[in-house]
Number of protein chains: 2
Amino acid sequence: MHSKPATLGQRNSAAPAAARGKAEAILAAAEQAFLGGGFGAASMDAIARAAGVSKATVYAHFAGKEELFGAVVADQSQRRFGGFSAEALDPGDIARSLLTIAVRFLDLILSPEAIALNRIIIGEVTRFPALGQVFWEAGPARTRVQIETFLRRAAAIGSLDVPDPRLAAEQFLALARGEIHQRCLLRLDVASGPEALHAAAESAVATFLRAFAAQA
Amino acid sequence: MHSKPATLGQRNSAAPAAARGKAEAILAAAEQAFLGGGFGAASMDAIARAAGVSKATVYAHFAGKEELFGAVVADQSQRRFGGFSAEALDPGDIARSLLTIAVRFLDLILSPEAIALNRIIIGEVTRFPALGQVFWEAGPARTRVQIETFLRRAAAIGSLDVPDPRLAAEQFLALARGEIHQRCLLRLDVASGPEALHAAAESAVATFLRAFAAQA
DNA sequence: GTCTATACAGTGATAGAC
DNA sequence: GTCTATCACTGTATAGAC
C-alpha cells in the first residue's frame with residue numbers, strides 16, 4: 001500500500017518502478033493544492049510542478065482535473081475517518097466514555113485537514129454530486145453507527161435510558177458538533193485550541209446525560 | 001428600497017432613471033449566477049448577458065468580480081435571516097413555543113436559497129475571509145440571541161431549568177440542525193419535505209425538554 | 001511513459017466612440 | 001453611462017520527440 005520494494009519485472013526506458021511513485025506524488029500534490037484553495041484555485045500546472053513531473057504526465061495518469069479531484073476526495077475521506085471506533089470503551093462508566101467519544105470526534109472533525117476537506121466538498125458538491133455520498137458514507141454515517149452501537153450496549157446494561165438509539169446517536173453528535181464546527185468551517189475560529197475542544201465536549205456530554213441518563 | 005418612481009432630476013443621454021434599476025438587475029443576475037454554480041463557475045460575461053447589459057456596465061457599477069461577489073453575499077445574508085424572531089411567543093406554553101421556533105429555524109436554513117448561500121460561503125471563505133464574519137453576524141449569531149432571550153424569559157417564569165441560557169440556546173439550535181442540515185449541504189436530501197422537517201423539529205424539542213424541562 | 005513546446009478556449013478587465 | 005471590440009492572461013489538453 002505504501003511503496004513497492006523497487007524490484008519489479010519491468011525496467012524499460014526511463015523510470016521503471018517509479019510509476020506508482022509518480023502517481024502517488026501527483027495525488028499528494030493534488031491533495032495539497034485542492035485542499036488549500038479549492039477546486040477553482042488549483043491549477044494542473046501547479047500540481048504538476050509540485051509533483052516534479054510534467055503536465056502531460058499528470059494527464060497520463062488521470063483523465064482530467066475533475067477525475068483527479070474525485071480521486072483526492074475519495075482517498076482523503078476514507079483515510080481520515082476510517083480509524084474512528086468506540087468499541088473499546090466501557091458502557092459502565094458512561095460519563096467518561098461519552099467524553100472520550102466526544103473528544104475524539106471533535107479532534108477528528110476539527111482538524112485543519114478535515115475542515116478543509118469538508119469545506120471543499122460542500123463548496124463543489126453542486127458540480128460533483130457524487131462527492132457528497134462518498135464523504136457521507138466514509139465519515140458521518142460510519143461515525144454515527146459506531147456511537148449507536150455503543151449507546152445500545154449502554155442501554156442494555158442500564159447505564160442509559162434511550163428510547164431511540166439511532167436518533168440519540170445523531171443528537172449526541174449534533175450536540176458535540178455544536179456551533180464550533182460551523183465556526184471553523186466559516187474560518188471564524190482559526191485555531192480551536194484543545195481547551196475549547198474539551199469545553200465543547202463536556203457541555204455536550206452534560207446535556208446528553210441530563211436527557212438520557214438512567215434514573216438512579 | 002424597491003424601486004424609485006421613475007421621475008428623477010437627471011435625464012441626460014441614454015437611460016436616465018434606470019441606473020438604479022440596472023444595478024439591481026446586475027445584482028439579481030449575479031445572485032443567481034453565484035448561488036447557482038459558485039464563484040468559479042460564474043462568469044462576468046454571463047452575468048452581464050443575464051442582466052441585459054454589457055460587461056463594461058457591470059464594471060461601471062462594481063469594481064470587479066470579487067466586489068460583486070461580496071455584495072451578493074452581504075445582501076443575501078441580511079435579507080434571508082433578518083426576519084427571524086421569537087419575541088411573540090409564549091414562554092408559558094414551552095413545548096409549543098419551542099416547536100414553533102424549531103420549525104421556523106429549519107424552514108429558514110433548509111430553504112434551497114439558504115443552503116446555496118451557506119454552501120458557497122463555506123466553499124469560498126478561504127479566498128474571501130470576510131464573508132464568514134458577514135454571514136455569521138447576519139445569521140447564526142442573530143438567531144442564537146433571539147432564542148437565548150426566549151429561554152431566559154421561560155426560565156424566569158419557571159418553565160425551564162437552564163443553568164446557562166447562552167449555551168442552551170446553542171444546543172437547542174444544534175439539536176434542531178441535527179444531521180439533516182449537513183445532508184442538505186451535501187446534496188443528499190435533495191428535497192427535504194415538510195414532514196421530515198417537522199419530525200426533526202419534534203425530535204429536537206423532545207430531547208431538549210428531557211434535559212431542561214422544569215421539574216413539576 | 002515521459003518530456004518540451006504549443007494550440008486552443010475561455011476568462012477578467014479595459015479603451016474609445018456615442 | 002453605456003456599448004462594441006479587443007487585450008492580456010491563464011489553464012486545459014494534445015502532438016511529437018526521446
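Each chain gets a letter, A, B and so on, in the order the sequences are listed, and its residues count up from 1.
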Next item on the list: Answer yes or no: does a side-chain N or O of A:K22 lie under 4.0 Å from OP1 or OP2 of C:dC3?
Entry: yes

Next item on the list: To the nearest 0.5 angstrom, please state how far the CG atom of A:L35 sits from the CG atom of A:L117.
Entry: 5.5 Å

Checklist line | Sugar-phosphate, base or nothing in reach of B:A42, heavy atoms under 4.0 Å | finding: sugar-phosphate

Check: Knowing that exactly one of A:V125, A:I120, A:I122, A:I121 qualifies, which makes a side-chain contact (heavy atoms from CB on, under 4.5 Å) with A:F135?
Finding: A:I121

Item checked: Interatomic distance where CZ belongs to A:F62 and P belongs to D:dT12 [whole Å] -> 15 Å

Note to self: Whole angstroms only, please: what is the OH-P distance between A:Y59 and D:dT12?
What the structure shows: 5 Å

Check: A:L68 has an atom CG; how far is it from atom C1' of D:dA13, in whole Å?
Finding: 14 Å

Margin query: Students often get this wrong, so: under 4.0 angstrom with heavy atoms, is B:S54 touching a base, only sugar-phosphate, or nothing?
Written below: base

Item checked: Phosphate OP1/OP2 of C:dG1 contacted by A:H61 side-chain N/O (<4.0 Å) -> no

Next item on the list: Rounded to the nearest angstrom, tell me the gap between atom CZ in B:R49 and atom C1' in C:dT11.
Entry: 12 Å

Notebook entry, point to check: Would a line drawn from the ring center of B:F212 to the ring center of B:F172 be shorter than 6.0 Å?
Noted result: no

Item checked: Nucleotide C:dG12, atom C1' - distance to CZ of B:R127 in whole Å -> 13 Å

Checklist line | Side chain of A:V53 (C-beta onward), nearest among D:dT2, C:dC3, D:dC3 | finding: C:dC3

Next item on the list: Round to a whole Å and report the spacing from CD1 of A:I47 to C1' of D:dT12.
Entry: 12 Å

Next item on the list: With DNA chain D as reference, determine whether A:A41 or A:A56 sits nearer its 5' end, using the nearest nucleotide of each.
Entry: A:A41

Next item on the list: Would you indicate what A:K55 reaches in the nucleic acid, counting non-hydrogen atoms under 4.0 angstrom: base, sugar-phosphate, or nothing?
Entry: base

Checklist line | Whole-Å distance separating the CD atom of B:E67 from the P atom of C:dA13 | finding: 11 Å

Next item on the list: Round to a whole Å and report the spacing from CG of A:D45 to P of D:dC9.
Entry: 16 Å

Check: Near B:Q32 CD, under 6.0 Å, is it more than 12 heavy atoms from other residues, nucleotides or ligands?
Finding: no

Check: Counting only side-chain N and O atoms of A:S43, is one of them less than 4.0 Å from OP1 or OP2 of D:dT10?
Finding: no

Notebook entry, point to check: Do you know which of B:L151, B:V103, B:L89 makes side-chain contact (heavy atoms from CB on, under 4.5 Å) with B:L98?
Noted result: B:L151

